[in-house]
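Sequence positions, counted from 1, serve as the residue numbers for this chain. The model shown is predicted, which means the values in this text are computed figures rather than measured ones.
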Amino acid sequence: MKTKFFILLCVTALLIAGLATQREYWSTAPYETEAAYANISKVATDAQGSLYTIADSKRSLIKVGADRELVYSIQSNADALPGTIQLFDSVAADEAGNAYVVLAVLDSFGLKVSGERIVKVSPDGESQQILYEAAYDASENLLRVGKIQGLSTKAGELHFFRKEVDTVVLHRLAASGGEPEVLRTFVLPANRYVSELAGHDPNSFYFTSKRGRLYAVDATGAPAMLYPGEGTVQLNFPVQVFTNDGRHVYFIDYHEAAVQRLDAGQPHYPIESLLRYSQLTEQYGDVEWSDFTNLYVGHGRITVATTDQIIEVDPTGRIANWTSTYQFPKATVWLRFAYWALIAAAAASFFATIRHMYVHLMKRRISLLVKQLGVIIPIVLAAMVGLSYSVYESFTNEMKEETRGQLMLLAGNGKHLVDGERLERLDSPLDFMSEDYQAIKRRMNDLLSQAGDNRDGLYSTVYRYMDGQLYIVMDDDDSVTMFRPFLTSEENLQVLEEGKIVSGEWEDATGEWMYALGPLYNDAGDIIGIYETGKDMNGVRQSHLKILSDVLGMIALIAGVILIVITVMTVYLLSSIRRLRRSVNLIASGEWDTEVNIRTRDEVAELGDRFNMMAGSIRRYIREVTGLSESYFRFVPQQFLNVLGKGNMTQVRLGDQVHRTMTVLVCNMREFSDFSSTLTPEDNFRFINSFLKVFGPVVRQFGGFTSRYTGPGMLALFPNDPSDALKAAARMRETLATYNQFRANSGYRAIDIGISIHIGDVMIGIIGEEQRMEGSVVSDQVRLAGELEKASAKLGASILLTEEALAACKKTVRLEYRKLGPVQLYGEPRTIELYDVYEGDPEPIRKLKRETQRQFEEAVMLYQSGRFYDAREAFVSIVKKNRDDLAAKLYFFACDHYYQQGVTQDWNGALRIT
């Protein structure tokens, strides 16, 4: 019954462990085969047709293959430090399918950028490597976007710009990392105010200014304005600028609601519209399209991202394909079904374990302590969980409403903060950093700077209402351009037409926000704009989760204290009876020295005294019997008797025998003959006993027993799990290192041991005559194990394992080993597949064997196939790396011999050891 309970317990534990390691399958229903893109901010492609997107408000990096099947999805905050938020900012991909992303590190409210990293993601998403890391000082006041821009790949190298106050530096970085190389430092002319950068050629790149101008920079360093044309005043603003050939510049124009392409190689820089929003609505009228957010050009197509869709356009502007979803791999869908089946199995196994424990182990009896705790714990936990949820909901709702009220108050005061006359004079991007712009910006900064570190993610945005259209004029986010059109929503109209102060919540490609809107007036009392203030909800959510964690911790502490008090009281009341019962159980289980000490001075104490008298009588009898049995076991191990099915020596008869499959371990000291010749007979005996005293207990520790000693060595049998022998061998190698250190400290030379492990049928029994009997094992497998131990020295293997033994052990033991191939020992008609377990080798040798393992095993295959020249060259290469690799040397000599002399007719592909 205990075995069944243990099996049920192990199964339950394994199922729960499996659920814990695969928690990502919990969040998605198993029948869902696809997922929708949401809040896309960046997009890129590679030569294999894979698509990379930064989505979910910059919190996810998603890669899908050419078949639009998900390859991986990585979360930005996976390794974020406490008090910070990490968001993906841009992405690029190389020809091998590696992705490179800029990871911005912000404060807990997602406002100030404190650093950036460029991270390389492997094609399968399993490994990530930081290639470049930059930390920024708080005084630089970088809001929402950092300094790294224009991330791109070319010829296996990474290019990016780092934008400073007065300069732009183009870097080149190897795909493997290291220090970036500065390709060019470009000093910005006055009043350029760089917004975005694109390109990777130091003699030809592009940038846009905060005033809506697009410039080209050549080797001369003088920027040439390409768009919108000298002296032209317009509201159009090129954003998401991209170039892949250094001549054509692609960008999004929000005023035209179009993706534009400018030819910088033609006079007057002609512009053509590749994709218009109106084209989408006309061609796909049943689809709800959102604004363009990003574009990528490469591999014969133009990939355009909206907030929730991906559109592929050919170079002529024809829409080739579009999608708003990606597919989950079939294996993932099946794994989800398996995960939920695992949940059901875990639940069934858990209840079966409880039932089995109650029926068979507890014999349908439950102690008073368990009964009390079984009733009290669920009640206390339910009360605490309900209280925690109530406190959390009440507090967070109150905090949310308080935040909303504060934001509405600030939005209402916007008319006093923003000078309406100055705002009215801002009518194009050319007014960026004008006197009026700076005056309004200064007032906003003064207000926010008063909050200091208590700003709590607060932001401000100023909108200009002009000709029936709403435009963003000023924003804390440095990536937002001036006079970008903004949707005139129902809430905005309430502010613009009725002068109301409204609030709401919003999620887009840059994050999630709570905001409030208030009207802005000119001196005539006309509404000319909107003042928006809000908070980043990412930071607020983290604050709420921190509050929930604190509340749960506090409630858990209180519940724990209550349960401890109840438990202590119950235990104290039952302590005398429990102490007596525990002593009885110990006596029953063989703990004969047990005594009970009860000081309650009542009937239970009297019962305890009688118990001690009984235990003393039992101890005296057991001591006599045990002494006799231990004398026998020094000559015949207890495990040997167990295998024969005998309880003690009195039951043994001459000729008793058992045929069983067992694991045989042979361990011998190497070069003992030479070693012993330097010792006296007395020293030899002392050394052998010292050796066996150190290594013999290892066999017993792992469930084996020593059948016979072979000088400084032993033949051991393991009747249970074959992996016990391998574990014992590994422990012997560890023990050898300690033993040699002890010998070195005592002034003695180090020794080495060889170990072989084989599994097979053996005959174990009692041999001799009536007056002199001994236990012995008779088997060809034992003889073979001894021969293998001798061969281990020639093969340079500290632990030599046969294929049969490996097959029995590899499921339960994870050790490093390599395949030596088929070996034919001298005098053996058959070949034996052998393995070198180098886990127990010294670290330098283990490292070299690990590094050459694949090459070694491939060379063995070449040898077996008769390609002796190729095999010989491979083994030469291995020996050059590891001159102590005796197996490689043996193979080398064999290959050289067969290459020079040819093989005999009876050659069977095995390595022959004489």
Side-chain angles (χ1 to χ4, degrees), residues 57 109 111 235 254-255 288 290-291 307 396-427 436-437 439-441 443-448 450-451 455-477 480-541:
S57 300
F109 292 96
L111 184 64
L235 298 180
Y254 285 118
H255 285 268
E288 184 178 347
S290 49
D291 290 339
T307 303
T396 53
N397 289 335
E398 184 178 342
M399 288 290 293
K400 192 171 184 180
E401 290 306 314
E402 183 179 344
T403 300
R404 190 186 305 276
Q406 291 174 349
L407 293 177
M408 293 184 70
L409 180 62
L410 289 174
N413 289 329
K415 58 188 176 184
H416 305 299
L417 177 66
V418 179
D419 188 329
E421 292 301 312
R422 290 184 180 276
L423 177 61
E424 198 167 23
R425 288 195 289 269
L426 302 179
D427 54 14
D436 293 324
Y437 183 95
I440 297 173
K441 188 69 173 177
R443 289 289 304 277
M444 292 175 61
N445 289 341
D446 289 343
L447 174 66
L448 296 176
Q450 291 175 7
R455 182 171 176 176
D456 290 345
L458 190 68
Y459 75 89
S460 295
T461 303
V462 176
Y463 299 89
R464 175 83 160 86
Y465 187 57
M466 196 168 60
D467 299 328
Q469 175 65 52
L470 200 59
Y471 300 95
I472 299 176
V473 172
M474 205 170 297
D475 191 271
D476 288 341
D477 189 341
V480 176
T481 57
M482 193 174 180
F483 276 89
R484 173 176 172 175
F486 194 81
L487 178 67
T488 306
S489 65
E490 185 177 334
E491 290 179 341
N492 296 335
L493 289 177
Q494 291 182 23
V495 179
L496 294 172
E497 295 177 356
E498 304 174 31
K500 288 185 176 180
I501 300 172
V502 299
S503 66
E505 295 181 29
W506 175 262
E507 179 178 355
D508 61 12
T510 60
E512 299 176 26
W513 323 92
M514 176 185 286
Y515 62 88
L517 308 175
L520 298 175
Y521 300 89
N522 60 13
D523 289 347
D526 298 325
I527 297 177
I528 59 167
I530 294 176
Y531 176 72
E532 176 184 340
T533 185
K535 279 190 175 182
D536 188 333
M537 295 303 291
N538 287 320
V540 174
R541 186 186 300 107

Asker: Check Met466 against Tyr471 and note the closest heavy-atom contact, atom names and distance.
Answerer: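 It is O-CE1, 3.8 Å.
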Asker: Got a donor-acceptor contact below 3.5 angstrom from the Asn522 side chain to the Ala524 backbone?
Answerer: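 Yes, because the side chain of Asn522 sits within donor-acceptor range (under 3.5 Å) of the backbone of Ala524.
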Asker: Who pairs with Tyr515 by side-chain hydrogen bond (donor to acceptor under 3.5 Å, both in side chains), at least two apart in sequence or on another chain?
Answerer: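 Tyr515 satisfies side-chain hydrogen bond (donor to acceptor under 3.5 Å, both in side chains) with Glu491 only.
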Asker: Sequence neighbours excluded, which residues qualify as side chain to side chain contact (heavy atoms under 4.5 Å, CB included) partners of Leu470?
Answerer: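 With sequence neighbours excluded, Leu470 shows a side chain to side chain contact (heavy atoms under 4.5 Å, CB included) to Tyr463, Tyr465, Phe486, Thr488, Asn492, Leu496, Ile530, given in chain and number order.
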Asker: Holding to side chain to side chain contact (heavy atoms under 4.5 Å, CB included), I want the full list of residues that pass it with Glu402, two or more places apart in sequence or in another chain.
Answerer: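 Glu402: side chain to side chain contact (heavy atoms under 4.5 Å, CB included) contacts with Met399, Gln406.
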Asker: Judged by atom type as modelled, is there a donor-acceptor pair below 3.5 Å linking the side chain of Ser290 to the main-chain atoms of Thr307?
Answerer: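 Pair found, side chain donor or acceptor close to backbone of Thr307.
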Asker: State which residues pass salt bridge (charged side-chain N to carboxylate O under 4.0 Å, His left out) with Glu401; sequence neighbours excluded, sorted by chain then number.
Answerer: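 Once residues adjacent in sequence are excluded, the partners of Glu401 under the salt bridge (charged side-chain N to carboxylate O under 4.0 Å, His left out) criterion are Arg404.
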Asker: Can you tell me how far CG of Leu520 sits from CD1 of Ile528, rounded to the nearest 0.5 angstrom?
Answerer: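 One gets 6.5 Å once the value is rounded to the nearest 0.5 Å.
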Asker: Taking only residues two or more places apart in sequence or in another chain, which ones pass ring pair (Phe, Tyr, Trp, His ring centres under 6.0 Å) with Tyr437?
Answerer: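 Expected list: Phe432.
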Asker: Could you measure the distance from the CZ atom of Arg484 to the CG atom of Asp475? Nearest 0.5 Å is fine.
Answerer: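 The CG atom of Asp475 is 10.0 Å from CZ of Arg484, to the nearest 0.5 Å.
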Asker: Could you pull out the closest heavy-atom pair between Gly414 and Tyr531, with the gap in Å?
Answerer: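 Closest approach of Gly414 to Tyr531, heavy atoms only: CA-CD2, 3.5 Å.
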Asker: Please identify each residue that fulfils side-chain hydrogen bond (donor to acceptor under 3.5 Å, both in side chains) with Asp436, with sequence neighbours left out.
Answerer: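 If we apply the side-chain hydrogen bond (donor to acceptor under 3.5 Å, both in side chains) test to Asp436, skipping adjacent residues, the hits are Arg422, Arg425.
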Asker: Suppose we screen for side-chain hydrogen bond (donor to acceptor under 3.5 Å, both in side chains). Which residues come up paired with Glu498, at least two apart in sequence or across chains?
Answerer: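 Lys500.
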Asker: Side chain to side chain contact (heavy atoms under 4.5 Å, CB included) with Asn413: which residues, sequence neighbours excluded?
Answerer: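 If we apply the side chain to side chain contact (heavy atoms under 4.5 Å, CB included) test to Asn413, skipping adjacent residues, the hits are Leu409, His416.
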Asker: What residues, two or more places apart in sequence or in another chain, satisfy salt bridge (charged side-chain N to carboxylate O under 4.0 Å, His left out) together with Arg464?
Answerer: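 By the salt bridge (charged side-chain N to carboxylate O under 4.0 Å, His left out) rule, Arg464 matches no residue at all.
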Asker: Taking side chain to side chain contact (heavy atoms under 4.5 Å, CB included) as the definition, give me every residue that meets it alongside Ala516, ordered by chain and number, with sequence neighbours left out.
Answerer: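 Partners of Ala516 under the side chain to side chain contact (heavy atoms under 4.5 Å, CB included) test: Leu407, Met408, Ala411, Ser503.
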Asker: Closest heavy-atom contact between Ile527 and Val495?
Answerer: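 That would be CD1-O, 3.3 Å.
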Asker: At their closest point, which heavy atom of Gly499 faces which heavy atom of Tyr521, and how far apart are they?
Answerer: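 Here Gly499 and Tyr521 meet closest at CA-OH, 4.0 Å.
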Asker: How many angstroms lie between CD in Glu421 and CD1 in Ile440, if you round to the nearest 0.5 Å?
Answerer: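 Rounded to the nearest 0.5 Å, the CD-CD1 separation comes out at 10.5 Å.
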